[in-house]
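The structure appears right after this line, and notes come after that.
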Amino acid sequence: SKKNVAHDEL
Amino acid sequence: MNVFRFLGDLSHLVAIVILLLKIWKTRSCSGISGRSQILFAIVFTTRYLDLFSNFISVYNTSMKIVYITCSYATVYLIYGKFKATYDFNHDTFRIEFLLVPSAILAFLVNHDFSPLEILWTFSIYLESVAILPQLFLVSKTGEAETITSHYLFALGSYRLLYLLNWLWRYFSQGFYDLIALLSGILQTVLYCDFFYLYISKVLKGKKLSLPA
């Protein structure tokens with residue numbers, strides 16, 4: 001699944 | 001950012017700094033699993049590859065740099081400068097049994113089949129079990145120095161606080177990430193018996209010793 005998952009957590 | 005996540009990051013930072021200072025001040029890495037520290041360095045490296053490509057905040061970038069720098073410095077101190085004090089007889093947990101399954105699972109279960117995302121997922125899975133060599137070492141030696149138990153308490157608390165952060169984010173903004181959540185639950189569960197020993201012994205001034 002082409003989701004732009006931006007991980008904002010460390 | 002919420003208070004649980006901030007306290008979690010703070011607890012993580014404290015753990016990393018406690019360990020580095022313990023090794024540096026006592027000039028000894030006795031009781032410390034170098035293998036766990038290698039795994040943590042791999043976790044940070046594979047998770048923060050977007051360090052320069054994906055700017056989120058000064059806080060985020062600076063913490064990533066501190067984590068990566070400290071973890072490599074710790075590995076260097078253990079296997080380089082103070083390797084004479086490294087307990088290689090007891091630090092024998094087979095980390096390939098952690099690396100390979102994490103890598104395979106990252107390919108099978110992820111949010112997006114892209115290199116960066118698979119590496120991020122790998123780092124999440126690996127981090128959930130990265131402490132096992134350290135807990136294994138403590139169980140083999142049957143005890144841990146008090147400073148080492150403070151390190152483990154801070155490290156275990158960090159992901160517990162992150163679980164509260166995800167609870168908070170779910171109810172306040174409907175955010176949830178099952179991969180991070182389930183891995184975080186496993187990671188925290190691994191500390192349960194340690195938390196019990198820490199609270200029942202170390203906080204009463206006794207040394208942390210596992211029942212023989």
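Just so you know, these numbers come straight off a predicted model, no measurement behind them. Letters go in sequence order (proteins before strands), and every chain restarts at 1.
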Taking atom [atom1] of [X] and atom [atom2] of [Y], what is their separation to the nearest 0.5 Å?
X	Y	atom1	atom2	result
B:Arg5	A:Leu10	CZ	CG	6.5 Å
B:Leu116	A:His7	CG	NE2	9.0 Å
B:Phe175	A:Glu9	CZ	CD	5.0 Å

Item to check | Crowding at CZ, B:Phe55 (>12 non-hydrogen neighbours, <6.0 Å) | outcome: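 It does: B:Phe55 CZ has more than 12 such atoms within range.
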Next on the checklist: Heavy-atom count check: over 12 atoms from other residues, nucleotides or ligands less than 6.0 Å from B:Tyr170 OH?
Outcome noted: no
Checklist entry - Of the backbone (N, CA, C, O) and the side chain (C-beta and beyond), which part of B:Asp9 lies under 4.5 Å from a heavy atom of chain A, both, or neither? => result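 For B:Asp9, the contact with chain A is made by the side chain alone.
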Item to check | Contacting region of B:Tyr162 [heavy-atom separation from chain A under 4.5 Å] | outcome: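 Just the side chain, heavy atoms under 4.5 Å.
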Next on the checklist: Under a 4.5 Å cutoff for heavy-atom pairs, which residue among B:His12, B:Arg47, B:Arg169 has the most contacts with chain A?
Outcome noted: B:Arg169
Next on the checklist: Looking at every non-hydrogen atom in both residues, tell me the closest pair between A:Asp8 and B:Asn60 and how far apart they are.
Outcome noted: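 Shortest heavy-atom contact: O-ND2, 3.4 Å.
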